[in-house]
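For clarity, every value in this text was computed on a predicted model and none was experimentally measured. Below, chain A is the first sequence line, B the second, and so on; all start at residue 1. The figures here come from the full heavy-atom set of this structure, side chains too, leaving out hydrogens, waters and symmetry mates.
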Protein chains: 4
Amino acid sequence: MKKSDDTRRRILDASAKMFRRKGYDTTTLKDIAKIVKVRAPAIYYYFDSKEQLLEEVLNIGIDRIHDAVQHAIAGSASDISHRERIEAAILAHLATLLRHSDYTAANIINYHLAPKNIRKRHLIRREKYNDCWRALLQEAQQAGEIEASVDLHHLRLFLLSALFWTHEWYRKEDEPTEAMAKRITGVLFDGIGGTKAR
Amino acid sequence: MKKSDDTRRRILDASAKMFRRKGYDTTTLKDIAKIVKVRAPAIYYYFDSKEQLLEEVLNIGIDRIHDAVQHAIAGSASDISHRERIEAAILAHLATLLRHSDYTAANIINYHLAPKNIRKRHLIRREKYNDCWRALLQEAQQAGEIEASVDLHHLRLFLLSALFWTHEWYRKEDEPTEAMAKRITGVLFDGIGGTKAR
Amino acid sequence: MKKSDDTRRRILDASAKMFRRKGYDTTTLKDIAKIVKVRAPAIYYYFDSKEQLLEEVLNIGIDRIHDAVQHAIAGSASDISHRERIEAAILAHLATLLRHSDYTAANIINYHLAPKNIRKRHLIRREKYNDCWRALLQEAQQAGEIEASVDLHHLRLFLLSALFWTHEWYRKEDEPTEAMAKRITGVLFDGIGGTKAR
Amino acid sequence: MKKSDDTRRRILDASAKMFRRKGYDTTTLKDIAKIVKVRAPAIYYYFDSKEQLLEEVLNIGIDRIHDAVQHAIAGSASDISHRERIEAAILAHLATLLRHSDYTAANIINYHLAPKNIRKRHLIRREKYNDCWRALLQEAQQAGEIEASVDLHHLRLFLLSALFWTHEWYRKEDEPTEAMAKRITGVLFDGIGGTKAR
DNA sequence: TATGAATGAGAGTTCATTCAT
DNA sequence: TATGAATGAACTCTCATTCAT
């Protein structure tokens, strides 16, 4: 890890941090440069444009969470139930989002408003991550652990929206990530209906 | 309704539309003025600043959905179950968000990135809307229709995140709003667990 | 002539002046704005870009000289010789170039280095002016006043190069424009060869 | 010829090429470095500044053409006519300009717009080249091969302007340089006047 | 002999905003 | 009630240049 690579990484980190906090448009290159302790034009030594900065931040945001979830699934014992694997995936998603990543949060906040061409290229990555979940849910349904009547397409979108937005309100002081993953999985599989409910 | 009031409203409508589409920062007053068929400085006859435009759009966005949900709850027959009332609330939320309102979508997209002072003032309104749901869920839990063990705080945040972000992916061609509301309520109360699931 | 039109014209005049003096690239919008007694962004109220400024200056530069030459030809008595008509054209060209026009001088200096797309569009105008001369020379040759062996293509290019570049060295104190036009025409038709020349 | 000298020369060659093609201002040191297959700061090992690059290119541009013309005159047999010597000079000028030299073309294009101090120093060289022609023409006039009435000052400026700008339009496919030199000399001495012309 | 890393100065451009009318 | 004209502030980006290595 040369000094050069380090500076590059620090620029990205600063970008992610600021894009998350103020959004892409409001963030200036000066803001970023200040954090890195460099003058703004130095950024152009490493990146072609502000847009490229956004694109890389966006990509890393998805890649991180994707890797974590994939790893969690792959690493789980082969004899566990699908419900347990889904819980593991939820936990990996939450842990990455909530613990490390300015990148993922920046992704969520800035994706819509990103320039069309960037969004288009980025979509490929998003879809790959979605594929993970598609497979996960499908297998669970085929195994009978998710009711046959459930529309997996809508379920996935609904679940991921909710998971992604935890970064807005989740406070790790309230509840450890593991507990939350378990709780979410519980609601998801068993519902909230009490004994009195129809 | 004087011509003046009408122009004011058209400026707001155009702002909501553009803020939703391109975000607050990227939208220029010229963009808005063009839709209204007016020159940009005319906006200053009705509003003090671009920020005020954002604030009003944000407020209307919440007010609309709040009114709709409140109305739905208040209008429901007194003898229906809490589950049915919650379904009605979900439907009202979705219908407003998905059918009518650039304002509500603009709110969702721009809230985070709004200037701090605006966000602070706006929070009051958001909280009022949240109160609606707090009451709704609490009553249901007290009545035993939601399991006692469920943490309502997290449940509400989780549910509302998911509901708000439907505007990103929902296509009314796929499924009527009513059906979706029913489906969501179903998953929420009964879970997705199949017969094989623990 | 409203104030607006006046400002626009003054911006163009200032541009022509500066483009002539320092060249397009070296001239800044601030330079131009200073002459017009306006701040630089005001230029954008009238023009889309610095390039548009260049294009208009280039066009005016050719148009002025074209109009003058055309007018001189059209206005000459019908019974004069072709040589006399050519002299009139040379005079009109010189008079416009040397007396009024920053525009034409700016054109000469900046044409090569102008962005390709501008050069391409501008070429049409240049060709129209060239057509003037093509016709003028052709008619003279057909009438026998220019020797049949002369290659008009090269002659025109050669003559116009020389005429255009008079703006670099001509001092009207030395010789009135009329005298110079006559002298040039003389050399052109009769040559410089003395009695001793082969 | 050490490697060092070679690199220096290649930097100059690349500069001349680019200054000719895009002009001094638009050419970046990166452009030049790319051709030489070096990084931009390497240029500073050989030259003090971009301006020095320009100055040397400008100088070489004149020197080359000067040497060629001088050599042509000096080398011509002592018994040839002045007209023939002038033709030889024209040929040498054209051949250098049109066949070899990015330097000379770069000179023509960039001289006006060069910084004042450079232009001032460079003027000395230009004047030396002009002296060549002054002498050439004066001797011809004294020998009676150019009419006594011809103003040599204007003649020289006019002729050289035209010669210099051939680089804009000359295509060697049309006519060999030798033929063009002969043709130009012909027009110059004998004029274009046909039998019908006064 | 040459480069990697960085900078200062400044360019064109955009935009919310102002103000006289 | 609305516009034409203009501005100040700020932004992204470019580039010649520097300097340690």
Side-chain angles (χ1 to χ4, degrees), chain A residues 2-8 11 25-33 36-53, chain B residues 2-8 11 25-33 36-53, chain C residues 2-8 11 25-33 36-53, chain D residues 2-8 11 25-33 36-53:
Chain A
K2 295 195 309 236
K3 192 195 171 200
S4 158
D5 290 346
D6 180 52
T7 307
R8 193 179 198 279
I11 291 172
D25 286 306
T26 311
T27 299
T28 69
L29 293 181
K30 233 177 157 185
D31 289 337
I32 294 167
V36 185
K37 278 173 190 138
V38 149
R39 298 295 174 274
I43 295 174
Y44 286 87
Y45 186 76
Y46 298 94
F47 300 90
D48 290 340
S49 63
K50 194 185 171 193
E51 283 200 358
Q52 196 198 331
L53 234 30
Chain B
K2 290 185 309 205
K3 192 197 167 201
S4 156
D5 290 347
D6 180 53
T7 306
R8 191 178 201 281
I11 291 172
D25 286 307
T26 312
T27 299
T28 68
L29 292 184
K30 228 178 161 187
D31 289 337
I32 295 167
V36 186
K37 280 172 189 139
V38 152
R39 297 297 175 276
I43 294 174
Y44 286 86
Y45 185 79
Y46 299 95
F47 299 90
D48 290 342
S49 65
K50 193 185 173 195
E51 284 200 356
Q52 195 198 335
L53 234 30
Chain C
K2 294 196 310 236
K3 192 196 171 200
S4 158
D5 291 345
D6 181 52
T7 306
R8 193 179 198 282
I11 291 172
D25 285 306
T26 310
T27 299
T28 69
L29 293 182
K30 234 178 157 184
D31 289 338
I32 295 168
V36 185
K37 279 173 190 138
V38 149
R39 298 296 173 275
I43 295 174
Y44 286 86
Y45 186 77
Y46 298 94
F47 300 90
D48 289 341
S49 65
K50 193 186 173 194
E51 283 201 358
Q52 196 198 332
L53 234 31
Chain D
K2 291 186 307 206
K3 192 198 167 201
S4 156
D5 290 346
D6 180 52
T7 306
R8 192 178 200 281
I11 291 172
D25 286 307
T26 311
T27 298
T28 69
L29 292 183
K30 228 179 162 186
D31 289 337
I32 294 167
V36 184
K37 278 171 190 140
V38 155
R39 297 298 173 277
I43 294 174
Y44 286 86
Y45 185 79
Y46 300 95
F47 300 89
D48 290 342
S49 66
K50 195 187 173 192
E51 284 201 356
Q52 196 197 334
L53 235 30

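Distance CD1/A:I43 to CG/A:D48: 12.5 Å, rounded to 0.5 Å. Taken to the nearest 0.5 Å, the OH atom of A:Y44 stands 10.5 Å off from the CD atom of A:Q52. Separation of atoms CD1 (A:I32) and CG (A:L53) is listed at 5.0 Å; rounding is to 0.5 Å. Expressed to the nearest 0.5 Å, how far CD1 of D:I11 lies from CZ of D:F47 amounts to 5.5 Å.
If you check every strand for non-hydrogen atoms under 4.0 Å, C:T27 touches sugar and phosphate atoms only. Within the nucleic acid shown, B:Y46 comes within 4.0 Å of sugar-phosphate atoms alone, with no base atom in reach, counting heavy atoms only.
Distance, B:Q52 CD to E:dT17 P: 11 Å, rounded to whole Å. Between the CG atom of A:D6 and the P atom of E:dG4 there is a distance of 18 Å, given to the nearest Å. The CD1-C1' distance, from B:I32 to E:dT17, rounds to 14 Å in whole Å. Taking atom CD of B:E51 as the reference point, atom C1' of E:dT17 lies 13 Å away to the nearest angstrom. What separates CG of B:L53 from P of E:dT17 is a distance of 10 Å, to the nearest Å. Whole-Å rounding puts the B:R8 CZ to F:dT1 C1' distance at 15 Å. Atom NZ of B:K30 is separated from atom P of E:dT13 by 14 Å (rounded to the nearest Å). Remark: P of F:dT14 and CG of D:D31 are 13 Å apart, rounded to the nearest angstrom.
Closest to the side chain of B:Y44, out of F:dT12, F:dT1, E:dT17, is E:dT17. Relative to the side chain of C:P41, the nucleotides E:dA6, E:dT3, E:dT14 differ in distance, and E:dT14 lies closest. Side-chain proximity of B:K50 to the nucleotides E:dA16, E:dT7, F:dC13 is greatest for E:dA16. Proximity note for B:S49 (side chain, C-beta onward) versus F:dA16, E:dT17, E:dT14: the nearest is E:dT17.
Using a 4.0 Å cut-off, some side-chain N or O of D:Y45 falls inside it from OP1 or OP2 of E:dT1. Side-chain nitrogen and oxygen atoms of C:R39 include at least one within less than 4.0 Å of the OP1 or OP2 phosphate oxygen of F:dG8. Residue C:T7 has a polar side-chain atom (N or O) positioned under 4.0 Å from OP1 or OP2 of F:dA6.
Residue order along DNA chain F, read from the 5' end via each residue's closest nucleotide, puts A:A40 first among A:A40 and D:D48. Mapping B:D25 and A:V38 onto DNA chain E by nearest heavy atom places A:V38 closer to the 5' end of the strand. Of the residues near DNA chain F, A:L29 and B:I43, the one whose nearest nucleotide (by heavy atom distance) lies more toward the 5' end is B:I43.
When both pairing distances are held under 3.5 Å, E:dG10 makes a Watson-Crick or G-U pair with F:dC13. The pairing partner recorded for F:dG8 is E:dC15, the criterion being a Watson-Crick or G-U wobble arrangement whose two distances lie under 3.5 angstrom. The partner of E:dT21 is F:dA2, judged by Watson-Crick or G-U wobble contacts that both fall below 3.5 Å.
When all heavy atoms are compared, the tightest approach of C:D31 to C:T26 is OD2-O, 3.9 Å. When all heavy atoms are compared, the tightest approach of B:L29 to B:K50 is CD2-CG, 3.9 Å.
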